[in-house]
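See structure below.
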Amino acid sequence: MMDHSSPSGILLLRPARHSANIPAMPHPESDPFALDDAIPFPPPPARARGGEPLPVPADAPWLAGLNPEQLEAVTSLDGPVLVLSGAGTGKTKVLTARLAHILASRRAQPWQCLAVTFTNRAAREMKERVAGLVGPAAQDLWLGTFHSLCLRILRRHAQAVGLGADFTVLDADDQLRVLKQVMADQHIDAKATPPQALMGVIQRWKDRALTPDKVRGEHASDVAGGRGPELYRLYQDRLKGLNACDFGDLLLHTLTVFLADARVLEHWQGHFRYLLVDEYQDTNVAQYLWLRLLAQTHRNICCVGDDDQSIYSWRGAEVGNILRFDKDFPGARVVRLESNYRSTPHILGAASALIAHNQGRLGKTLRSGLSHESDSVEKVRTRAVWDGEAEARLVVEEIETIQRRGETLSSMAILVRAGFQTREFEERLITTGVPYRVIGGPRFYERLEIRDAMAYLRLVASPADGLAFERVVNTPKRGLGEAAIQSVHILARHAGVPLLEAARRLVETDELKPRARQALAGFVSDVARWRSLLDSMPHAELAATILEESGYVAMWKADKSPDAPGRVENLKELVAALEEYESLATFLEHVALVMENDAKAEQDRVAIMTLHGAKGLEFDTVFLPGWEEEVFPHARALAETGTQGLEEERRLAYVGLTRARKRALVTFAANRRIYNQWKSQLPSRFVEELPDEHVERSADRGLHGGGRQDSNAAWNESGWSDVRRSRQTARPAPAPLKTAPRQSGGGFRAGDRVFHDKFGNGSVVAVDGNKLEIAFDKAGTKKVLDSFVSAL
DNA sequence: AAACGAAGCTTTTTT
DNA sequence: AGCTTCGTTT
């Protein structure tokens, strides 16, 4: 997705050629538009650059089917443009068409266009769609996330911020590890100051483009007893020492480079003739500054956003950016897209009424751009259920019903507020055998074994990678304890050399006990040997060799825990994935930024994801569970930022509803177990804010519907008023309304053959209530809940 | 040095 | 509850 190799320290005039598996293309200068015949562009004129823009035929395919506003957004090429684009109004269509239009008009070459998205997924989608319109020229666009584009730029100027061109990008895990080390060095009590919290503060500083020396006054924080800025500086120093940077640094360093060297800034300002920005409402200060700097010369910047979908203020996003656009870019043209082509009128009506409860919006009216047969249009439904289990049961039953009517599972999604909510649905889906996929769950590259393996590869690719060294030097166990590692650290710090080099020197001394010395010597020479193979051996093969010879694979093969076989599988997958890349370095770079599950073979599955993760997606059917006070709106959002927090939660609800094309089901439970404590829940205020004319409310027997029309009488009748008073107190799980005891429950007896989704087949050894002890054929003996197994 | 057990924290959202 | 982290034991 990005290009990976460019000589450091040289200002290239255009991006380096794209990597491996993309077919080689003619040099842009000799043949700027290597287009298929099918692509309706005229041949390049002799004076392509700087010449008059070419007229674009009005019947160009990307202009087909655009409404007047969309058309304006696409064709207003000169000068700043702000597109206020409500949910489902065709924003991606506009962005892609605009790119095609720019290229067709010859106002810029592909590599002079910068298009920024927030997620890799959005970037990929946009690239595919643009490629569909303009062909392979799409490959030459600067199209990606802020982070990947910054990385690409920063690689060329790394030395200006004290990094080598081959610096590594740390993921969240490594970041925290480094920060913990810094804190330990400074004798900061990790209990009084949770590293996570300090990390968060530092990141917020970075989001605001504040380097350590700029943190003061209003931005100061009292974390770590006011030593935050100092620790921030030490953390940054430490990163430089490791020749590494974190996500926030990608932007921060790029800004630093721009501001430190006018020549560099001018170069890039001149380079990018057109800027397109997706999800503008979610840009933070650093990103905003970055954009504003880059847009100065040509001033052709087009930002697309929706203030009602701003849901990332917690990570530094400033809705204000969208509100002040025309101050920063005087004369900006503002285009509103208000025709929704996604959802039914009921869904639109419900969502619009909900979001209308927010103050301080730019204000848009979404109208339906679709025609619906009135009888096929369902109202948004809300339903009160007894507890989380009933909720999961209801949702899964509903899924099965809809599926039986002929709709696909992949047209349905369960959108939760927070990750922990997924569990109950997963359990239910497993017991009923409905295929599902958790999106944004534990990612492939975040798994323990993958991170270990990657550390091996990193260490071999760049021997100075101290974090990688630490991670694998005693994994698998080589008998190197804390004392030995400590010695390496001391020597490294003393001599000012990387850990691996320090280790090499250390084994030549008598510092270590013979045993440890031998182990370390073995490790050092192993790494040296693998390194010597770097150029001669294909990298995938090399990776396999490393994992074998280090004993890492053997370690998992010997591990008896049930997930060990899976880990070995994952390692194989990792090696296989490597083959897709040109080199080890390209691969490592890719992984640093695009930490995604490369979704496997498309199967028909229900998606489960967070509301945040769902932004930009759409489904025929959307399930919105857990609409209860303190869950959604989340208690912490309210506690931390009050009204602002509440409005952001409401926008989140709006995002959730507007994901639905045909139907939405909102559910809320009367009781929920949170941290192992049963709590009585109140329906979310958002439930009540939904307008009756677009909503159909119902409740399980004995529960009230949580709606406006439900009187207090109903409230009192159900006995909830008492509950409300004492809702903070823990109480045993009430179960008056439970129907029959779990059906999947009883029935198992010792000796039964059963199947478990994760552990496979096995025999029941013992039964304890709903807990079964099962001897699995492959995974060993485990205690599992009966709901996870089915009889064979 | 490794293995075991107790204690404490988590869970809001992510590039 | 489940997981990680820390401290203790072998």
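Applying the salt bridge (Lys or Arg N to Asp or Glu O under 4.0 Å) test to A:R471 and every residue at least two apart in sequence or in another chain returns A:D452. In this view, A:E125 and A:T92, A:R129 satisfy the side-chain contact (heavy atoms from CB on, under 4.5 Å) rule, not counting sequence neighbours. Residues that satisfy the salt bridge (Lys or Arg N to Asp or Glu O under 4.0 Å) test with A:R315, not counting sequence neighbours, are absent from this structure. Applying the salt bridge (Lys or Arg N to Asp or Glu O under 4.0 Å) test to A:E618 and every residue at least two apart in sequence or in another chain returns A:R342, A:R661. With sequence neighbours excluded, no residue satisfies side-chain hydrogen bond (donor to acceptor under 3.5 Å, both in side chains) with A:T658. Remark: A:W556 engages A:Y552 in a side-chain hydrogen bond (donor to acceptor under 3.5 Å, both in side chains) (not counting sequence neighbours). For A:F272, the ring-ring contact (aromatic ring centres under 6.0 Å, His included) criterion is met by A:W142, A:W268, not counting sequence neighbours. Remark: A:E647 pairs with no residue by the salt bridge (Lys or Arg N to Asp or Glu O under 4.0 Å) rule, at least two apart or across chains. Listed by chain and number, the residues in a ring-ring contact (aromatic ring centres under 6.0 Å, His included) with A:Y312 are A:W314, A:H612 (sequence neighbours excluded).
Ring pair A:Y232/A:W205 is parallel by interplanar angle, where below 30° counts as parallel and above 60° as perpendicular.
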Dot-bracket for DNA chain B, 5' to 3', counting Watson-Crick or G-U wobble pairs under 3.5 Å, with [ ] for crossing pairs and | for inter-strand pairs? ||||||||||.....

Short heteroatom pairs, N/O only, protein and nucleotides 9-14 of chain B, under 3.5 Å:
residue : atom : partner : partner atom : Å
B:dT11  : O3'  : A:R636  : NH1          : 3.4
B:dT12  : OP1  : A:R636  : NE           : 2.9
B:dT12  : OP1  : A:R636  : NH1          : 2.5
B:dT12  : OP1  : A:R636  : NH2          : 2.8
B:dT12  : OP2  : A:H634  : NE2          : 3.0
B:dT12  : O2   : A:R417  : NH1          : 3.0
B:dT12  : O2   : A:R417  : NH2          : 2.0
B:dT12  : O4   : A:E640  : OE1          : 3.1
B:dT13  : OP1  : A:G419  : N            : 2.6
B:dT13  : O2   : A:W314  : NE1          : 3.1
B:dT14  : OP1  : A:T610  : OG1          : 3.1
B:dT14  : O4'  : A:R315  : NH1          : 3.3

Check nucleotides 1-5 of chain B against the protein and report each pair of N or O atoms closer than 3.5 Å, with its distance, or say if there are none.
residue : atom : partner : partner atom : Å
B:dA1   : OP1  : A:G481  : N            : 2.4
B:dA1   : OP2  : A:E482  : N            : 3.4

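The OH-C1' distance, from A:Y288 to B:dT15, rounds to 21 Å in whole Å. A:E426 places its CD atom 15 Å from the C1' atom of C:dG2, with the value rounded to the nearest Å. One interatomic measurement links the two molecules: CZ of A:R672 to P of C:dA1, which rounds to 18 Å at whole-angstrom precision. Computed from coordinates, the A:D246 CG to B:dT15 C1' distance equals 11 Å when rounded to whole Å.
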